[in-house]
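Below: the structure, in structure tokens.
Order of listing sets the numbers, starting from 1, for every ligand and every atom in it.
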Amino acid sequence: MATFASLGLSEWLMEQCKQMGIARPTQVQENCIPAILEGRDCMGCAKTGSGKTAAFVLPVLQKLAEDPYGIFCLVLTPTRLELAYQIAEQFRVLGKPLGLKDCIIVGGMDMVAQALELSKKPHIVVATPGRLADHIRSSDTFNMKRIRFLILDEADRLLEQGCTDFTKDLEVILGVVPAKRQTLLFSATLTDTLQELKSIAMNKPFFWENKSDVRTVEELDQRYLLAPEKVKDAYLVHLIQKFQDEHDDWSIIIFTNTCKNCQILTMMLREFRFPAISLHSMMKQRQRFANLAKFKSNIFKVLIATDVAARGLDIPTVQVVINHNTPGLPKIYIHRVGRTARAGRRGVSITLVTQYDIHLVNAIEEQIQAKLKEYPVEEKEVLKILTQVNVTRRQCEIKLESTDFDEKKEINKKKQMILEGKVSIHLHPRTEMQDELSAYIYIYIYIYIYIYIYIYILILTLLLNHRTLTCKKRGKMNLPK
Ligand SMILES: Nc1ncnc2c1ncn2[C@@H]1O[C@H](COP(=O)(O)OP(=O)(O)OP(=O)(O)O)[C@@H](O)[C@H]1O
């Protein structure tokens with residue numbers, strides 16, 4: 001069995017690993033670290049929670065210690081603060097003896113402060129492509145000409161043209177990093193985008209993939225639960241109640257498809273007195289970060305999230321993942337359920353499946369090469385709470401409708417489209433009514449000025465007449481003028 005020493009890792013790094021409770025390398029580390037230390041480009045495809053982050057952090061730190069300068073390494077991640085912070089933290093903790101300087105460049109945070117940090121030449125920059133590209137376009141206080149390592153974490157997502165398309169921003173970034181660099185690409189689901197990725201890692205990359213048939217980890221117990229749409233929420237409440245009753249130390253992530261649904265489910269579960277908190281892209285970045293911290297520290301035991309939390313998040317205490325909707329893509333399923341059963345721990349995933357989602361389950365099973373088992377539930381218990389749950393949900397929906405949630409969503413959508421250059425900013429054309437209104441205003445102004453001038457002339461004439469009259473009188477009486 002390999003050790004970190006046999007992979008060529010320095011003594012001080014092994015000591016740092018020991019302090020983090022990392023004794024032996026995982027498979028992805030065992031295979032990728034030597035190749036990276038040799039100077040090769042590397043593509044690592046390994047299951048969720050298998051230690052891919054340390055597989056690139058450790059060799060980069062070793063190389064940085066040999067020749068420290070800034071900016072030495074750039075890591076790109078698809079999601080904002082949460083994942084970027086997690087990666088930066090691993091660099092910080094493992095690289096502590098180096099006095100490592102890192103910097104996080106993500107959207108939703110102050111541009112000026114970020115530009116200042118970049119100008120101080122941090123060793124490591126962890127960034128989302130959009131915000132980094134903005135800095136490259138607008139600032140000349142830093143450059144990336146000497147970057148030794150370019151890392152794409154969740155690399156397949158960075159190349160996907162999903163609701164957020166990173167390709168233009170990646171082009172900008174690839175235009176300013178040196179051709180002579182080491183490129184490292186990691187994900188649990190690399191295979192779909194393999195060809196595009198190979199063109200980014202130019203120098204015949206070392207490719208390593210888990211050679212196991214099943215694409216999810218053994219420690220994960222994967223279940224499904226057939227539930228008609230109208231009964232889904234009652235099943236959800238029942239499941240959470242069950243985990244709360246049967247476990248002292250429990251925490252659950254519930255994935256749902258939209259921000260609105262995420263918000264409604266959170267409100268509803270709170271009505272049932274569950275310690276629930278949400279995470280979705282319509283929340284302010286600060287709030288997202290605060291909610292995640294509250295969940296990580298176990299103050300809140302239920303996190304209801306959209307797919308912003310599906311990739312990369314490492315919260316070891318999560319024992320259960322519930323898919324409130326069946327993911328449309330097997331890849332998303334793999335990342336979602338991978339939030340539990342991490343680093344050798346056990347975990348359960350339960351996917352709620354309506355009669356219309358069976359084909360999605362078939363696609364998932366085909367992709368992961370495993371069958372989901374049915375999760376047994378006492379239906380009588382669910383029926384008992386059905387009406388109460390549905391009434392509570394409706395109340396929460398009404399409550400949310402009375403807020404400006406939908407309006408905010410529209411504004412956010414427009415902002416995003418403007419940022420992505422999909423729509424141009426233009427002033428609204430004037431309506432007929434506006435034109436009519438301004439015509440009336442002009443007429444009033446003219447009349448007003450006309451009357452004003454008329455009165456002015458009148459007063460002037462009166463004054464002049466008065467003066468002439470007085471002069472005439474004085475002339476007649478021979479008074480001194
Ligand atoms: N060699 C190791 N031994 C034990 N634990 C490890 C080892 N390497 C990393 N870990 C721990 O395993 C957990 C998961 O690691 P990491 O987040 O890097 O997984 P990942 O493969 O990137 O997962 P995902 O695909 O979900 O992003 C972390 O808490 C990390 O500290």
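Every protein residue with a heavy atom nearer than 4.0 Å to ligand 1 is included here: Ile22, Arg24, Pro25, Thr26, Gln29, Lys47, Thr48, Gly49, Ser50, Gly51, Lys52, Thr53, Glu154, Gly312, Asp314, Arg339, Arg342, Ala343.
Side chains of Asn261 and Thr258: a donor-acceptor N/O pair is absent below 3.5 angstrom, by distance only. Under 3.5 Å, the side chains of Ser10 and Gln62 contain a donor-acceptor pair of N or O atoms.
Every residue was checked against the side chain to side chain donor-acceptor pair (under 3.5 Å) condition with His123, not counting sequence neighbours, and none meets it.
Under 4.0 Å is where a charged nitrogen must lie from a carboxylate oxygen, and between Arg311 and Asp156 at least one such pair does.
When the shell of 6.0 Å around NZ of Lys232 is examined, it contains more than 12 heavy atoms from other residues, nucleotides or ligands.
The line from CD of Gln222 to CG of Leu220 is 4.5 Å long, rounded to the nearest 0.5 Å.
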